[in-house]
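Here's the structure we're looking at; comments come further down.
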Amino acid sequence: MMCAIEAGNRGRSVLLLDHAETPGEKIRISGGGRCNFTNMRTAPQNFLSQNPHFCKSALKSYTQHDFVELVKKHRIAFHEKALGQLFCDDSAQQIIDMLLGECQKAGVDLRTGVNVSGVDKTESGFRLATDQGSLTSEALVIATGGKSIPKIGATGFGYEIAQQFDLPIVEPRPALVPLTWADNDKARLKELSGLSVEAVVSHGKTAFEEALLFTHRGLSGPSILQISSYWREGDNVRINLLPGQKVADDLNRMKKDSGKQQASTALSTVLPKRLAHAIIDEMGVNRKMAELATRTIDAIADRVHRWDMKPNGSEGYRTAEVTLGGVDTNSLSSKTMECRTVEGLYFIGEVVDVTGHLGGYNFQWAWSSGVAAGRAV
């Protein structure tokens, strides 16, 4: 829609096709129904790509401030949450309606429920085979997203088109997705389901400090979703369940002041009770504090601050918020999103190998890359 609006405002004749019956489904379900439509901290370092420089031009040409001005123009009330995230006060539908309104003003012909079965290059442009007949155009923009959340219609169609024109694909994989337990961890930790703590979750040198949520399948919450984009099968993630605090100091003080207290009770003063009991029971050290050796207290602290957990996998595209990977950016112009080898063919948004962190960054990439193509198409 952003691309169509920009192209339409330039006087181009624009036909926008959507195989869904209603446009903007991913917008509608985002942000708990309130759409985290951008992030005030948007910068290139918030995006993953095999070419980390590719996103810079589009993000600079159409910034988060530009989109906020559009939102303000439509008098949509919004608020800022932690870490620069902007949400509608009312409903994500307001963003959809805003974009549809701008499309109408720009003269965009929007057709929903249209299934495209094939794309051919012609001397004058492109021919599309659809279930509503054949269509032709001078230029073609692929804005089909990735495979994430198939229940709202997500497919790998964009990758198929890229491969048809011999464009390389960076292997797609689920990102911003909950991680699942191995069977032995699931049996031990299922009682923690529903528990949430602030944590630092890291993979290598990358770390995120946000909420972590225990589920009956594994781990979720913003910190886990963030690290999932970096995690690979077979890797560990390291979790600090109590950042900014030294558990060993707390326990040594309680050993001195409350020696008759059980270790699980003592740990419950700094961690949720269920989590404290699970850690102490797992370690088999639920004795009185006065009976714990210094090395045992250090081991408990190590378990709290440096828990190395090996996920069994992720929940996959079913719940992944975005798809990592996509059309190799080396095939595209960073200024226009046009394919370097096929004149008039453009790829924008999630279908491209640019993936943002959690918190509105992927929407901003959609707006920015869409405008970049819309100004050139």
TODO: Could you check if a side-chain atom of Ile76 sits within less than 4.5 angstrom of a side-chain atom of Asp97, using non-hydrogen atoms only?
DONE: no
TODO: Kindly indicate whether the side chain of Val237, heavy atoms from C-beta on, has any atom under 4.5 Å from the side chain of Tyr230.
DONE: no
Open item on the list: Between Ser369 (side chain only) and Ile348 (backbone N and O only), is there a donor and an acceptor less than 3.5 Å apart?
Closed with: no
Task: Flag, side chain of Thr130 to backbone of Val116, donor-acceptor distance under 3.5 Å - done: no
Task: CG-OG distance between Asp308 and Ser202, expressed to the nearest 0.5 angstrom - done: 8.0 Å
Open item on the list: Please tell me whether His357 and Phe208 form a close aromatic pair, meaning their ring centres lie under 6.0 Å apart.
Closed with: yes
TODO: Report, as yes or no, whether the 6.0 Å neighbourhood of atom CD on Gln45 holds more than 12 heavy atoms from other residues, nucleotides or ligands.
DONE: yes
Open item on the list: Test your reading of the model: is there a side-chain donor-acceptor pair from Thr215 to the backbone of Ser193, 3.5 Å cut-off?
Closed with: no
- [ ] Hey, could you give me the SG/CG distance between Cys103 and Leu110, rounded to the nearest 0.5 Å?
- [x] 6.5 Å
Open item on the list: Main chain of Glu321, side chain of Lys26: is a donor-acceptor contact present, judged purely on distance under 3.5 Å?
Closed with: yes
Open item on the list: In this structure, would Met309 and Leu242 fall into the same cluster of hydrophobic residues linked by side-chain contacts under 4.5 Å?
Closed with: yes
- [ ] In plain terms, say whether Lys151 and Glu25 are close enough for a salt bridge, that is, a side-chain N and a carboxylate O under 4.0 Å apart.
- [x] no
TODO: Verify the cluster assignment for Val114 and Leu16: are they in a single hydrophobic cluster under the rule of side-chain heavy atoms below 4.5 Å apart?
DONE: no
Task: Over 12 foreign heavy atoms within 6.0 Å of CD, Glu282 - done: yes
Open item on the list: Could you measure the distance from the CG atom of Leu267 to the CD atom of Gln261? Nearest 0.5 Å is fine.
Closed with: 10.0 Å
Open item on the list: Take a 6.0 Å sphere around CZ of Arg127 and say whether it holds more than 12 heavy atoms from other residues, nucleotides or ligands.
Closed with: no
Task: Shared hydrophobic cluster, Leu99 / Leu86 (ILVMFWY, side-chain heavy atoms < 4.5 Å) - done: yes
- [ ] Test side-chain contact (heavy atoms from CB on, under 4.5 Å) on Glu338 and Leu345 and set out the steps.
- [x] CA-CA 6 Å; Glu338 186 176 17; Leu345 181 62; 5.9 Å; no
TODO: Measure the shortest side-chain to side-chain distance between Arg111 and Asp109 over non-hydrogen atoms and say whether it is less than 4.5 angstrom.
DONE: yes
- [ ] For atom CG of Asn184, decide whether the heavy atoms of other residues, nucleotides or ligands shown that lie under 6.0 angstrom number more than 12.
- [x] yes
Task: Considering all heavy atoms, the nearest Lys186-His216 contact - done: CE-O, 3.6 Å
Open item on the list: Could you tell me if the side chain of Ile279 sits less than 4.5 Å from the side chain of Leu275, heavy atoms only?
Closed with: yes
TODO: Considering non-hydrogen atoms only, spot the tightest contact between Ala92 and Arg28 and give its length.
DONE: CB-O, 3.7 Å
Task: Shortest non-hydrogen separation from Leu332 to Cys339 and the atoms involved - done: CD2-CA, 3.8 Å
TODO: Please lay out, stage by stage, how Glu350 and Ser148 fare under the test side-chain contact (heavy atoms from CB on, under 4.5 Å).
DONE: CA-CA 10 Å; Glu350 190 180 341; Ser148 299; 3.9 Å; yes
Task: Beyond-backbone contact of Phe37 with Phe87, side-chain heavy atoms, under 4.5 angstrom - done: no
Without placing hydrogens or testing angles, list every side-chain donor-acceptor pair under 3.5 Å for residues 50-59, not counting sequence neighbours.
residue : atom : partner : partner atom : Å
Asn51   : OD1  : His53   : N            : 3.0
His53   : ND1  : Lys56   : NZ           : 2.8

Task: Residue pair Arg238, Arg306: steps toward the side-chain contact (heavy atoms from CB on, under 4.5 Å) verdict - done: CA-CA 6 Å; Arg238 174 164 286 186; Arg306 286 174 290 276; 3.8 Å; yes
Open item on the list: Side-chain heavy atoms nearer than 4.5 Å, only ILVMFWY residues, links allowed to pass through others: does that put Val71 and Val371 together?
Closed with: yes
TODO: May I ask you to test the Lys273-Ser268 pair for a side-chain heavy-atom distance under 4.5 Å?
DONE: yes
Task: Short side-chain to backbone donor-acceptor contact, Ser49 and Asp353, under 3.5 Å - done: yes
Open item on the list: Using 0.5 Å steps for rounding, measure from the CD1 atom of Ile239 to the NE2 atom of His203.
Closed with: 12.5 Å
Open item on the list: For Phe363 and Phe67, I'd like to know if the aromatic rings sit close, meaning centre-to-centre distance below 6.0 Å.
Closed with: no
Task: Pair Arg12 + Glu6: basic N to acidic O under 4.0 Å - done: no
Task: Interatomic distance, Asp183 atom CG to Asn312 atom CG [nearest 0.5 angstrom] - done: 6.5 Å
TODO: Mark yes when over 12 heavy atoms from residues, nucleotides or ligands other than Glu291 sit less than 6.0 Å from its CD; otherwise mark no.
DONE: yes
Task: Carboxylate-amine/guanidinium contact Arg253 Asp250, below 4.0 Å - done: yes
Open item on the list: Would Met289 and Gln262 count as a side-chain contact (heavy atoms from CB on, under 4.5 Å) here? Give the steps.
Closed with: CA-CA 6 Å; Met289 290 301 298; Gln262 291 294 113; over 6 Å; no
Task: Shortest non-hydrogen contact between Cys3 and Ala373, atoms and distance - done: SG-CB, 3.9 Å
Open item on the list: Is any side-chain heavy atom of Met98 closer than 4.5 Å to one of Leu70?
Closed with: yes
Open item on the list: When you compare the side chain of Gln85 with that of Glu80, does any pair of heavy atoms fall below 4.5 Å?
Closed with: no
Open item on the list: Working to the nearest 0.5 angstrom, can you tell me the gap between Thr296 OG1 and Arg287 CZ?
Closed with: 5.5 Å
Open item on the list: For Ala129, is there any backbone N or O sitting under 3.5 Å from a side-chain donor or acceptor partner on Ser117?
Closed with: yes
Task: N-O pairing of Glu191 and Arg274 below 4.0 Å - done: no
Open item on the list: Quick one: does any side-chain atom of Ser368 pair with a main-chain N or O of Gln364 as donor and acceptor, under 3.5 Å?
Closed with: yes
Task: Nearest non-hydrogen partners of Ala290 and Lys255, listed with the distance - done: O-CE, 3.9 Å
Open item on the list: Please tell me whether Trp365 and Tyr361 form a close aromatic pair, meaning their ring centres lie under 6.0 Å apart.
Closed with: no
TODO: Validate the cation-pi geometry between Lys121 and Phe126: distance from NZ or CZ to the six-membered ring centre under 6.0 Å, angle to the ring axis within 45°.
DONE: yes
TODO: Test side chain to side chain donor-acceptor pair (under 3.5 Å) on Asn115 and Asp131 and set out the steps.
DONE: CA-CA 6 Å; Asn115 289 296; Asp131 59 354; 3.2 Å; yes
Task: Any donor-acceptor pair under 3.5 Å from Asp185 side chain to Trp181 backbone - done: no
Task: Glu102 with Lys73: basic N within carboxylate O range, under 4.0 Å - done: yes
Open item on the list: Hydrophobic clustering (ILVMFWY, side-chain heavy atoms < 4.5 Å, transitive) - are Leu48 and Leu176 grouped together?
Closed with: no
Open item on the list: If we ignore hydrogens and angles and just use 3.5 Å, is the side chain of Thr180 paired with the main-chain N or O of Gly218 as donor and acceptor?
Closed with: no
Open item on the list: Between Asp235 (side chain only) and Trp231 (backbone N and O only), is there a donor and an acceptor less than 3.5 Å apart?
Closed with: no
Open item on the list: Applying ring pair (Phe, Tyr, Trp, His ring centres under 6.0 Å), can you list everything that pairs with Tyr346, at least two apart in sequence or on another chain?
Closed with: none
- [ ] Mark yes when over 12 heavy atoms from residues, nucleotides or ligands other than Arg295 sit less than 6.0 Å from its CZ; otherwise mark no.
- [x] no
Task: Minimum heavy-atom distance Gly316-Val177, with the two atoms named - done: O-CG2, 3.5 Å
